[in-house]
Structures are given as C-alpha cells and as structure tokens.
Protein chains: 2
Amino acid sequence: MNLAPNPAFRSDSAASLLRTEILNGTTSPGTLLAESAVAKRLGVSRVPVREALFALEREGLVEFSATGRAFVKALTPQDFEELYVLRLTLEPLASRLAASTLKADITQLEKNVAATRRARSVQEVTRLDLEFHQLILAASGNVRLLKLWRSLRGELELWLGRLHRSHQLQTRETLQETVDAHQGIVESFQTQSPAACERLMREHILGWREWLPLSS
Amino acid sequence: MNLAPNPAFRSDSAASLLRTEILNGTTSPGTLLAESAVAKRLGVSRVPVREALFALEREGLVEFSATGRAFVKALTPQDFEELYVLRLTLEPLASRLAASTLKADITQLEKNVAATRRARSVQEVTRLDLEFHQLILAASGNVRLLKLWRSLRGELELWLGRLHRSHQLQTRETLQETVDAHQGIVESFQTQSPAACERLMREHILGWREWLPLSS
DNA sequence: GAGATTCATTCGGTATACCGTTTCAATACG
DNA sequence: CGTATTGAAACGGTATACCGAATGAATCTC
C-alpha cells in the first residue's frame with residue numbers, strides 16, 4: 001500500500017485560502033499581500049506563503065511590483081479584452097484538436113452538462129462552466145495548450161465573479177443559454193468534423209462578447 | 001539620483017547560469033538539479049536556487065517531479081509538435097494585432113534584421129531570430145499573449161539548439177532564407193493589411209514544419 | 001534469480017534569524 | 001501651501017537549521 005497522496009503542503013493550503021479570498025472579493029484588488037502579515041495570519045512561516053504567492057501569480061490572481069511586493073491583481077477593461085482575444089484563439093484550437101479524442105468518449109463532458117443543469121448557485125454554475133471548457137482543453141492532448149489556458153483561468157474567474165457581483169449575469173435565461181450551447185458542443189464532437197467543432201466553439205465564445213466591460 | 005536598477009539578486013544570477021548551461025547542453029536533459037548541490041556549486045544558499053528553479057520551470061527549461069525534484073526538461077518529438085502548433089496559433093495572431101503598431105514604427109525590427117545579416121555565429125542567429133519574433137509578440141500590445149509566448153521560448157531555444165548541434169540547420173542557405181522571410185514580414189507591416197500580415201507570419205512558421213523531428 | 005524489504009543517505013518543506021532596501025508619514029524647507 | 005527631507009517601521013532577499021519523506025542500493029526472502 002503506497003497511499004498518502006496528500007502531503008498537505010502548507011504552501012498549497014496558503015494558496016487555496018488566498019485564492020478563495022481573492023475570488024470571493026474578500027480581499028479587494030490592489031491589496032498588498034505582505035509575506036509576514038499573511039504568514040502570521042495563517043500561522044505558518046514566510047516560506048510557504050512566498051511559494052503560494054508565486055503560484056497565484058502564475059494563475060493571474062496576484063501581481064508583483066518591481067520591488068517584489070505582491071498585490072491582488074486589479075483588472076481593467078483592457079485586461080478583459082486581452083483575455084477575450086486569447087480565449088477566442090486558444091479554445092477553438094483546443095476544440096479542433098480534441099475532436100478525435102472526444103468522438104470516442106464524451107462521458108466527462110456529459111456529466112458536466114448534467115451537473116450544470118442541476119446546479120443551484122451561481123458559484124456552482126461558474127465553476128462547472130470553467131470546468132467544461134477546461135475538460136476540452138485537457139482533451140486536446142496538448143499539455144502546453146492546457147497550461148497556457150490554466151494560466152489565464154484565474155483571471156477568467158475574476159471576470160466572471162465581477163459580472164456576478166454586478167448582477168449582469170446568471171439570470172435564468174443565460175443559464176439556459178449556457179447549458180444549451182454546451183450541449184450543442186458536446187453533440188458536435190460526436191457528429192461533426194473537427195473543423196466544425198472548432199467553428200462551434202468559436203461561435204460560443206463570440207457570444208461572450210457582450211459581457212466585455214467595454215461594451216456595457 | 002535614484003539609480004541602482006541592478007540589485008543583482010542571487011536568484012537571478014543562479015537562473016542565468018543554469019539557463020545558459022541547459023541551453024548549451026552542458027547539463028543534459030533529465031539531469032537532477034538538486035537544490036543543495038546547485039547551491040553549494042554556486043556558493044549561495046538553497047533559497048535563491050529554489051526561486052531560480054521555479055523561474056526556469058516557467059520558462060520550460062526545468063520540470064518538477066511529483067515529489068518536488070527539479071530535472072532538466074527532456075523534450076520528445078511530440079513536445080516539438082505541441083510547440084509548433086502553438087507557435088502556429090499565437091504568432092500569426094500577434095502579427096495581426098501588431099500590424100497597426102508596427103505600421104508606425106518598425107525601427108526595432110529593422111535593426112534586428114540588419115543585425116541578423118551581420119551575425120557571425122549560429123548562437124547569435126538563433127538569439128536574433130527569437131528576438132525578432134518576440135518583438136512582434138511585444139508589439140501586439142497584448143501583454144498576456146507575450147507572456148504565453150515567453151513561457152514557450154525556453155523550449156523553442158532547446159529545439160533550435162538541438163537542431164544546431166545535429167547540424168541540420170544553419171547552412172548558408174537557411175540563414176539567407178530566414179533573413180529574407182523576416183525582411184518580407186517587416187515590409188508587410190508597412191504595406192499590407194493586418195490580415196495579410198497574419199497570413200504571412202503563418203506561412204513563415206509553416207516553413208518550419210520540415211524541421212520538426214518527426215518528419216526527419 | 002526475481003521480487004520484496006530494509007536502511008543509510010539524500011532531498012525538499014518549513015521555521016527562524018539577519019540585513020539592506022523600500023515605504024510612507026511626519027517634519028522641515030522654500 | 002506645495003515640495004524636499006528624514007527617520008522609523010515594514011518588507012523582501014538570503015542564510016542557516018531541523019525534520020520528515022523519498023530514494024536507491026544492499027540485503028533478505030521465496
């Protein structure tokens with residue numbers, strides 16, 4: 001028996017806690033995350049906090065000043081524009097690459113869509129929505145492509161969280177639209193060509209254009 | 001006078017040294033980079049070495065095992081395939097986005113091409129080649145796009161370095177081809193539409209297809 | 001001999017301490 | 001009043017030390 005896959009590193013715990021607080025909006029953008037202060041608050045030393053901050057930087061939730069101080073990232077409308085352009089490039093590509101894989105097995109995607117139908121909170125829908133897209137990135141088979149997307153995921157969550165808090169999103173209709181679109185994409189993997197899958201994903205993301213802060 | 005932009009962090013020095021050794025091939029792929037050993041060799045403590053290893057991981061030159069040990073990344077033909085697909089996606093996009101910026105000012109690109117013409121070593125050509133492409137990524141104005149590309153740059157350098165060492169590249173003709181292609185791209189920014197710039201970059205990268213390890 | 005076991009060594013995760021630099025607000029200056 | 005100055009507190013970069021876990025080779029088992 002070689003079990004014990006959970007060393008429970010303090011750096012991971014610290015990252016999880018800080019991640020939650022940032023995504024919740026508990027700690028507002030621009031806040032200084034001083035190593036000493038965070039360490040004292042979490043009851044650990046500065047070393048794991050340091051690593052947690054680096055991890056969060058890779059996720060796009062934290063940014064470092066020139067002098068090495070960590071701040072909760074503050075996103076501007078232009079940042080969302082950048083993210084949007086990249087999603088519009090990376091995700092259709094992933095869809096095309098994933099087409100052959102997903103033709104054989106779409107059980108995970110189907111589970112995700114079913115769970116989204118049953119979801120009861122906006123947080124849950126958001127999580128499942130991002131998970132749906134990440135499943136396709138993972139199915140692309142290009143681990144670098146998945147890594148690139150994951151480095152943007154934190155910022156995408158910040159974006160969605162902001163939309164939710166401003167009540168611009170997640171009326172009953174938009175939820176239904178999301179589920180329908182995802183359902184259509186899943187079916188496309190079974191019935192259509194890779195190029196068609198790519199196109200469908202592109203159109204799905206184009207539908208997000210209206211939620212860009214700039215256009216509101 | 002507030003000069004002193006060079007704190008000369010030991011972590012940066014360590015990263016530079018290790019980076020050079022990895023790209024040279026001095027430390028071969030798969031080599032364990034134990035923190036203690038590297039620290040002793042460089043005459044610093046483990047802490048800056050740790051950070052250097054994280055930095056090199058972001059650059060794609062080092063990978064961590066499940067138990068946290070750092071190894072010099074070993075690239076497989078499939079890895080090159082992944083990198084190629086991503087270049088083929090990101091760089092034409094950057095070209096299109098950079099078109100408006102570069103219509104106004106191509107001096108940096110022109111300097112680069114001129115320097116490439118004057119280059120006397122394969123290492124220098126490689127460096128200038130990657131710099132040319134990076135200039136365009138930077139000119140795209142999308143800082144996230146630039147960051148994504150930079151996270152692949154280390155692996156691209158490993159790829160080119162391998163090609164050089166196997167003498168498959170950098171005959172006089174391929175150098176001339178590179179310079180010509182780059183010159184054409186620079187001119188396209190002045191004379192053509194963003195879509196045409198995008199297409200030209202795509203074709204330039206398609207030209208690299210023959211250098212994929214799989215096809216040789 | 002092939003595979004499981006043991007154990008000394010190595011290695012990474014973390015705590016703590018020290019130091020120079022940065023920061024920022026109170027103060028002095030024009 | 002607006003702008004330099006200054007000095008104490010805060011912060012990050014690094015060194016060192018401790019510990020449990022992982023590693024790999026020698027050993028034991030069948």
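In the text below, chain A, chain B and the rest are named by the order of the sequence lines, each starting its count at 1.
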OP1 or OP2 of D/dT23 less than 4.0 angstrom from a side-chain nitrogen or oxygen of B/Thr67, does that happen here?
yes

Heavy-atom closest contact (B/Ala94 atom, B/Leu137 atom, distance)
CB-CD1, 3.7 Å

How far does CG of A/Leu156 sit from CG of A/Asp129, to the nearest 0.5 angstrom?
10.0 Å

Could you state the atom-to-atom distance from CZ of B/Phe9 to C1' of C/dG20 in whole Å?
11 Å

Do the side-chain N and O atoms of B/His182 and B/Thr116 include a donor-acceptor pair separated by under 3.5 angstrom?
no

Residues of residues 38-57 of chain A with any non-hydrogen atom less than 4.0 angstrom from an atom of DNA chain C: list those, numerically ordered, please.
A/Val44, A/Ser45, A/Arg46, A/Val47, A/Pro48

Within the side chain of A/Glu82, is there an N or O that forms a donor-acceptor pair under 3.5 Å with the backbone of B/Arg144?
yes

With a 3.5 Å cut-off and no angle check, do the side chains of A/Thr107 and A/Asp105 form a donor-acceptor pair?
yes

Using whole Å, what does the distance between atom C1' of nucleotide C/dT14 and atom CD of A/Glu35 come to?
14 Å

Write down the distance between CZ (B/Arg69) and C1' (C/dT10), rounded to a whole number of angstrom.
8 Å

Whole-Å gap separating P (D/dG12) and CG (B/Asp12)
17 Å

Are OP1 or OP2 of D/dT14 and a side-chain N or O of B/Ser11 less than 4.0 angstrom apart?
yes

Whole-Å distance between D/dG24 P and B/Leu32 CG?
9 Å

Step through it carefully: locate the ring centre of B/Phe64, locate the ring centre of B/Phe71, and say whether they are under 6.0 Å apart.
no

